[in-house]
Amino acid sequence: MGAYIIRRLLQSVIVIIGVMMATFFLLQLTGDPARAMLPLEADPEAVERMRIYLGLDRPLPVQFYYYMVRAIQGDFGDSLTFRHIPAREIVFSRLPATIHLALSAWLLIIVLSLFLGILAAVRRGTALDNGSMVVALFGQCIPSFWLGLMLILLFAVTLGWLPTSGRQGYDIRYLILPAVTLAAPATARMTRIVRSSMLEVLSKDYIRTARAKGLPQRLVISVHGLRNAAIPLVTLFALDLGSLLGGSIITETIFGWPGVGLLAINAITLRDFPIVQTVVFYVAVGFVLINLLVDILYVALDPRIRLGGQERK
Amino acid sequence: MTANTQAAISPFQRERTRLEELERAWRSLARSRLGLIGLFILGLVVFSAIFADVVSPFSPTAQTLSDRLLPPFSARALEKGHWLGTDHLGRDVLSRLIYGSRVSLIVGILAVAISCVLGILLGLVSGYWGGWLDDIIMRVGDVQLAFPFVLLVIAVVAVVGGGLWNEVIVIGITGWVGYARVIRGQVFSAREKEYVEAARCIGVRTPILLVKHILPNVITPIIVLATFSVAGVIILEAALTFLGLGVDPKTPTWGGMLADGRSHIFTSWWMTFIPGMAIFVTVLSINLLGDWLRDYLDPELRNVL
């Protein structure tokens with residue numbers, strides 16, 4: 001198991017180095033960063049001075065070396081719109097809002113999909129099962145940003161129960177609509193997966209044995225059923241958290257939620273590339289780390305997967 | 001399943017078996033009510049996209065400022081022939097919807113086609129030769145998957161600029177990893193099969209072996225995956241254009257209509273409701289068709305896709 005973890009750790013380091021290289025080339029695609037940092041009417045001399053200041057006059061491999069040295073420290077330079085403030089500081093100041101939203105949505109996904117999925121599996125073939133499967137199918141097909149707009153239309157504009165957008169500290173009224181919007185597609189997908197993995201487990205012999213020996217339904221499902229269905233589900237739920245970090249971009253934009261996603265979109269329209277790079281970098285690193293944790297968790301939870309040298313599927 | 005037996009069948013018979021296969025597919029589809037509904041709706045969308053010039057009652061860009069913001073099915077709207085109402089510039093919502101389907105379908109189908117071709121090629125190479133080539137391809141895939149897909153596409157589109165073809169290319173190129181992984185896994189196991197060995201023994205050249213012998217036997221999951229992906233890409237395209245990063249706002253698109261509707265959400269609900277419904281119904285129909293296709297081609301895939 002130790003060897004497996006070390007191998008996965010090394011693999012993650014390689015991927016993170018790849019991520020840093022990719023963000024470097026993303027910046028190369030933008031053209032001349034010196035020009036981006038100066039007003040349009042700047043004279044060629046000023047552009048040249050800025051190029052020297054930024055080290056852009058040096059050969060590409062040298063630039064790449066200095067870039068990597070700074071990237072390892074998570075430093076992508078100062079923001080172009082907020083002068084003289086490191087992009088990293090600005091991104092970090094927005095992080096709590098995004099984590100607040102992502103964790104709330106994640107909780108919603110887990111609670112709702114477990115509840116609906118298990119209920120549908122246990123009541124297989126009933127109206128309740130069919131109904132929740134139809135809702136889940138629809139949930140997968142609704143563009144989440146449209147769902148967000150429709151929720152605003154219904155609960156904020158028409159009924160006036162909830163605010164349309166913004167964030168006031170940890171006030172839950174501001175959180176409800178964005179969290180539901182962000183959670184909806186994954187909840188729909190996970191409900192279907194929970195249902196089918198529960199059905200598979202419930203058809204096993206040991207469930208029949210448990211039922212035959214007179215165990216109450218509640219215990220059959222929670223102790224014998226869910227526990228055996230849990231391992232793949234834990235992985236999938238954990239992976240969802242990673243994709244929520246990325247998916248929050250659109251939700252944050254619709255609801256004016258002042259997180260990293262909204263920051264990234266605004267930075268993109270203002271062509272503030274250090275901010276874009278920082279966001280892309282940290283979200284990707286977060287995603288890699290979550291994946292790594294999931295794989296380690298997976299091995300820790302399931303003794304059958306402690307394979308050592310085998311290739312990970 | 002067919003590739004290794006085809007050699008023994010005459011061209012005439014092959015034609016007949018192909019017809020029989022089509023007939024079998026059709027009968028299976030007819031039995032699946034949901035699949036049939038999906039096909040019907042999707043057919044309608046494709047038809048109106050192709051014949052938009054004929055079907056659409058108005059020009060999608062014609063503005064009549066005196067008829068601005070007419071609600072759908074309201075007396076005035078019906079009198080003027082705007083069944084689904086008009087937007088803030090007095091443009092006919094139905095016509096814009098019909099023309100908007102073009103962008104969604106073009107981006108959805110072409111981007112997925114590019115991803116498929118790239119993914120299949122890289123997956124075949126990776127799975128057949130293995131070794132360092134496989135390592136490099138798969139590590140590049142890992143790096144790419146580390147970026148959440150939406151964020152990656154937004155960042156690249158922001159850098160290289162929006163527009164229909166940029167969208168197609170960016171989404172197409174960034175989507176290859178899933179296909180490559182599936183193909184690679186399949187080729188790994190196909191490589192050791194007798195029919196591959198037999199083909200190699202009679203001296204079939206490797207590119208031909210890969211494309212004509214192995215590919216037909218490993219393509220099924222790709223067809224299913226690609227069908228579902230078209231639905232996903234349509235949503236992604238709409239989101240990009242909605243955020244102002246995609247297709248030019250002058251072109252009628254579903255995402256652009258939603259962006260317009262968002263600024264009028266307090267007064268004109270239909271401007272956001274109708275284009276969103278169009279996306280939802282189209283995506284739903286593709287998914288219904290995909291569900292049927294998966295069950296028809298390979299019910300085992302139910303647990304994977």
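When reading the values below, keep in mind they use all heavy atoms of this one structure, side chains included, and skip hydrogens, waters and symmetry mates. Just so we're on the same page: letters track the sequence lines, and every chain starts at 1.
- The closest side-chain heavy-atom distance from A:Ile142 to B:Val283 is not below 4.5 Å.
- The structure places CE of B:Met138 at 12.0 Å from CD of A:Gln11, a figure rounded to the nearest 0.5 Å.
- For chain A, the option among B:Gly232, B:Ala146, B:Gly244, B:Ala231 with the highest count of heavy-atom pairs below 4.5 Å is B:Ala146.
- Identified by a heavy-atom distance below 4.5 Å to chain A, the contributing residues of residues 233-240 of chain B are B:Ile235, B:Ala238, B:Ala239, in residue-number order.
- The shortest heavy-atom contact between B:Asp291 and A:Arg192 is OD2-NH2, 3.8 Å.
- Annotation: maximal heavy-atom pairing with chain B below 4.5 Å, among A:Val280, A:Ile16, A:Thr158, occurs at A:Val280.
- Taken from CG in B:Leu288 to SG in A:Cys141, the straight-line distance is 7.0 Å, to the nearest 0.5 Å.
- Taking each heavy atom of A:Pro143 and B:Ile279 in turn, the nearest pair found is CG-CG2, 3.4 Å.
- Looking only at side-chain heavy atoms (C-beta outward), B:Phe266 and A:Ile152 stay at 4.5 Å or farther from each other.
- Among all heavy-atom pairs drawn from B:Arg262 and A:Ile254, the shortest one is NH2-O, 3.2 Å.
- With chain B as partner, the option from A:Ile14, A:Ile290, A:Val19 having the largest number of non-hydrogen pairs under 4.5 angstrom is A:Val19.
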Could you give the side-chain donor-acceptor pairs of residues 170-178 of chain B under 3.5 Å, partners two or more places apart or in another chain?
| residue | atom | partner | partner atom | Å |
| --- | --- | --- | --- | --- |
| B:Thr174 | OG1 | B:Val170 | O | 2.6 |
| B:Thr174 | OG1 | B:Ile171 | O | 3.3 |
| B:Trp176 | NE1 | B:Gln144 | OE1 | 2.8 |

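- The only member of B:Asp142, B:Leu145, B:Val140 that meets side-chain contact (heavy atoms from CB on, under 4.5 Å) when paired with A:Val15 is B:Asp142.
- Ring geometry, B:Phe273 versus A:Trp146: the interplanar angle falls from 30° to 60°, so the pair is classed tilted.
- Chosen from B:Val281, B:Ile265, B:Val150, the residue pairing most often with chain A at heavy-atom distances under 4.5 Å is B:Ile265.
- The minimum heavy-atom distance between A:Ile268 and B:Ile154, with the atom names listed, is CD1-CG2, 3.4 Å.
- Among A:Phe145, A:Phe138, A:Phe287, the residue making the largest number of heavy-atom pairs under 4.5 Å with chain B is A:Phe145.
- Going from atom CZ of B:Phe228 over to atom CD of A:Gln140 covers 8.5 Å, rounded to the nearest 0.5 Å.
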_side-chain contact (heavy atoms from CB on, under 4.5 Å) evaluation trace for B:Phe242 with A:Leu149_ = CA-CA 12 Å; B:Phe242 173 76; A:Leu149 291 175; 3.9 Å; yes
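- Using a 4.5 Å cut-off on side-chain heavy atoms (C-beta onward), B:Phe147 and A:Val283 make no contact.
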